[in-house]
Amino acid sequence: MSPLTSITGIQVESHVFPSSVKPPGTANYMFLGGAGVRGLEIQGKFIKFTAIGVYLEEKAVASLADKWKGKTAEELADSVEFFADIVTGPFEKFTQVTMILPLTGQQYSEKVAENCVAHWKALGIYTEAEEKAIEKFVEVFKDETFPPGASILFTQSPLGSLTISFSKSCCLPEVGNAVIENKQLSQAILMSIIGKQGVSPETKQSLAERMSDLLKKYDEKASRNGELESKKAILNEIVV
């Protein structure tokens, strides 16, 4: 039995993230790695703005297993490197940002652009390619509005393409609104959510807990398969 058969959906406020989805911009189904809210403390009250779900391609489990199997949820949650490995890993990711409070496309894109540019400049990696990618990113969002329940969707390819889609309901579109070919931007979107300064600690904790459990189950299955193969080899030797 695949460890992914144990994956469940997660309800964040009034939105339910299903256990698996087929995002726009890919032919692959992805499993729900984790989900949580993004919010801010304002005048002593925690205000929730969005619900965020992070999905991963199935081969992410095997890709992460060698390095991270056996780690507890607490160890993963405290590891900047673990989340960086998710962001930069050789597998597809899909991020769904669903509105709890209304937001305009301009508000969202300009804030993301501002943070990305500041981060890239600090690292010395802000080039003409990133400048053009940011311009296209802002343009895609220019005329959009997102009432409660609407979603912004990002499908991230390990090759560097970022497919941007919008949904005004719980259904995912079959095709994206735009594709931006820039690996720095594609990775920055997810890093802004689950990276060191990620805006959703709840999503990070959820990812750590669920991935720790999945990696444990994957390792147990791999061990059983290894023992089975060893027994087959011994049996072949005896028979021969």
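The figures that follow rest on heavy atoms only: side chains count, while hydrogens, waters and symmetry mates do not.
- In this structure, T8 and S19 have side chains that are not in contact, with every pair of non-hydrogen atoms separated by 4.5 Å or more.
- Between the side chains of Q96 and T98, at least one donor N or O lies within less than 3.5 Å of an accepting N or O.
- Connection of V16 to M99 is not established within any shared hydrophobic cluster, with ILVMFWY side chains joined at heavy-atom distances below 4.5 Å, either directly or through further cluster members.
- Note on residues 13-28: pairs passing salt bridge (Lys or Arg N to Asp or Glu O under 4.0 Å), not counting sequence neighbours, are E13-K48.
- Atom CD of E128 has 12 or fewer neighbouring heavy atoms from other residues, nucleotides or ligands inside a 6.0 Å radius.
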Please list, one pair per line, the donor and acceptor atoms closer than 3.5 Å that link side chains of residues 187-198 to other protein atoms, with sequence neighbours excluded.
{"residue": "S192", "atom": "OG", "partner": "I189", "partner atom": "O", "Å": "2.6"}

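- With sequence neighbours left out, E174 forms a salt bridge (charged side-chain N to carboxylate O under 4.0 Å, His left out) with no residue at all.
- In this structure, K216 places its NZ atom where only 12 or fewer heavy-atom neighbours from other residues, nucleotides or ligands lie under 6.0 Å away.
- A salt bridge links E139 and K142; the closest N-O separation between the charged side-chain nitrogens and carboxylate oxygens is under 4.0 Å.
- To the nearest 0.5 angstrom, K183 atom NZ is 13.0 Å from L185 atom CG.
- Rounding to the nearest 0.5 angstrom, the gap separating the CD1 atom in I180 from the CD atom in E135 is 11.0 Å.
- Residues passing the side chain to side chain contact (heavy atoms under 4.5 Å, CB included) test with A118: none are found, sequence neighbours excluded.
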Inset, instruction - Could you give me the CA-CA distance, side-chain angles and deciding distance for V138 and V112, then say whether side-chain contact (heavy atoms from CB on, under 4.5 Å) is met? - result: CA-CA 9 Å; V138 172; V112 170; over 6 Å; no
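- Smallest separation of non-hydrogen atoms from S212 and K71: OG-O, 2.9 Å.
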Inset, instruction - Take F154 and T163, measure what side-chain contact (heavy atoms from CB on, under 4.5 Å) needs, and give me the verdict at the end. - result: CA-CA 6 Å; F154 299 108; T163 300; over 6 Å; no
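- Closest approach of I52 and S200 over heavy atoms only: CD1-CB, 4.0 Å.
- With sequence neighbours excluded, the residues satisfying side chain to side chain donor-acceptor pair (under 3.5 Å) with E130 are T127, N182.
- Under the 3.5 Å distance criterion, the side-chain polar atoms of T203 are matched with a main-chain donor or acceptor of G36.
- Listed here is the closest heavy atom pair of S161 and S186: O-OG, 3.6 Å.
- Other cluster members for L159: none, since no ILVMFWY side-chain heavy atom sits under 4.5 Å from it.
- Between R210 and I7 there is a side-chain heavy-atom pair separated by less than 4.5 Å.
- Cation-pi geometry between K204 and F83 is met: under 6.0 angstrom from the ring centre, within 45 degrees of the axis.
- Using a 4.0 Å cut-off between a side-chain N of Lys or Arg and a carboxylate O of Asp or Glu, K45 and E41 do not qualify as a salt bridge.
- Panel note: side chain S109, backbone F141; no donor-acceptor pair is recorded below 3.5 Å.
- Side-chain contact of T26 with E92: a donor-acceptor pair under 3.5 Å is present, judged by distance alone.
- A208 and A77 make their closest contact through CB-N, 3.5 Å (heavy atoms, listed as atom of the first residue, atom of the second, distance).
- With sequence neighbours excluded, no residue forms a salt bridge (charged side-chain N to carboxylate O under 4.0 Å, His left out) with E110.
- Put simply, the side chain of E75 gets close to the backbone of T72: a donor and an acceptor are under 3.5 Å apart.
- The two residues C171 and S167 have their closest heavy-atom pair at O-OG, 2.6 Å.
- Scored by the side chain to side chain contact (heavy atoms under 4.5 Å, CB included) test, N115 finds K111 as partners (sequence neighbours excluded).
- Note that K93 lies in the cation-pi zone of F91, set by a 6.0 Å cut-off to the ring centre and a 45° limit from the axis.
- One distance of note links CD1 of I164 with OG1 of T155; it measures 10.0 Å at 0.5 Å rounding.
- A 4.5 Å side-chain heavy-atom check between Q156 and T95 finds at least one atom pair inside the cut-off.
- Linking ILVMFWY side-chain heavy atoms closer than 4.5 Å, directly or via other members, places Y29 and Y218 in two distinct hydrophobic clusters.
- A donor-acceptor contact shorter than 3.5 Å is absent between the side chain of D219 and the backbone of G70.
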Legend entry - Test side-chain contact (heavy atoms from CB on, under 4.5 Å) applied to V140 and F166, step by step: CA-CA 10 Å; V140 171; F166 307 123; 3.8 Å; yes
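- Within the 4.5 Å cutoff, the side chain of M211 has heavy atoms near those of the L214 side chain.
- Under the side chain to side chain donor-acceptor pair (under 3.5 Å) criterion, the residue pairs touching residues 59-68 are K67-E81, K67-D85, W68-D85, with sequence neighbours excluded.
- For NZ of K168, the number of neighbouring non-hydrogen atoms (other residues, nucleotides, ligands) closer than 6.0 Å is greater than 12.
- With sequence neighbours left out, L40 forms a side chain to side chain contact (heavy atoms under 4.5 Å, CB included) with I42, F49.
- F94 belongs to a hydrophobic cluster whose remaining members, ordered by chain and number, are I10, V12, F17, V21, M30, L32, V37, F46, Y55, I100, L153, L172; membership requires side-chain heavy atoms of ILVMFWY residues under 4.5 Å apart, directly or through intermediates.
- Considering only heavy atoms from C-beta on, L162 stays 4.5 Å or farther from V179 through its side chain.
- Considering all non-hydrogen atoms of both residues, G176 and S165 come closest at CA-OG, 3.2 Å.
- Within a 6.0 Å radius of CD in Q106, no more than 12 heavy atoms belonging to other residues, nucleotides or ligands are found.
- The side chain to side chain contact (heavy atoms under 4.5 Å, CB included) test applied to K121 returns V117, Y126, not counting sequence neighbours.
- Between T104 and E144, every side-chain heavy-atom pair lies at or beyond the 4.5 Å cut-off.
- Between I134 and W120 there is a side-chain heavy-atom pair separated by less than 4.5 Å.
- Using a 4.5 Å heavy-atom threshold, the side chains of K221 and K217 count as separate.
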